[in-house]
Amino acid sequence: MSFIEKAINPAFYKQKISSWSHATAEYYKPLFRSGSVKPLWHIMIATSVLMYTQNYLFNKGTHIQHARQEKKVALDEYYKNHNITPHH
């Protein structure tokens, strides 16, 4: 089966997810049963990576900063044209 046939076949993804979830369960099951702190650390690190990535992409990324700069320039023009102070 070629790569393109695999890429458009949903069963390929289902098999990959199933394989990954089985491997993850087999790795973490003994750690949870023994009371290890390692799963907690893994969850905390994964959460932090997700949060900081989302924060950058949606709040501090280059596109967002560019849009904010455009809005700031437009508001400054509006305030200047209407003789309004920005913080009234």
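Predicted, not measured: the structure shown is a model, and the values here were computed from it.
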CG/L50: more than 12 non-hydrogen atoms of other groups inside 6.0 Å: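 Correct, the count exceeds 12.
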
F12 atom CZ, over 12 foreign heavy atoms within 6.0 Å: yes

For [X], side-chain contact (heavy atoms from CB on, under 4.5 Å) partners two or more places apart:
| X | result |
| --- | --- |
| Y13 | A7 |
| S19 | Q15 |
| E77 | V73 |
| L40 | V37, M44 |

For residues 51-61, run the donor-acceptor check on the side chains, cut-off 3.5 Å, and write out each pair with its distance to 0.1 Å, sequence neighbours left out.
unit_1: T53; atom_1: OG1; unit_2: V49; atom_2: O; d: 2.7
unit_1: N55; atom_1: OD1; unit_2: N59; atom_2: ND2; d: 2.8

Nearest heavy-atom neighbours spanning P39 and S36: CD-O, 3.5 Å

Atom of E26, atom of P30 and distance for their closest heavy-atom approach: O-CD, 3.3 Å

From K71 atom NZ to R68 atom CZ, the distance as rounded to the nearest 0.5 Å: 8.0 Å

Side-chain hydrophobic cluster, 4.5 Å single linkage: members besides W20: none

Remaining members of hydrophobic cluster (4.5 Å side-chain criterion), I17: none

Pairs flagged by ring-ring contact (aromatic ring centres under 6.0 Å, His included) wherever residues 23-50 is involved - sequence neighbours left out: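 Matches after skipping sequence neighbours: Y28-H42.
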
side-chain hydrogen bond (donor to acceptor under 3.5 Å, both in side chains) against E70, all qualifying residues, sequence neighbours excluded: H66

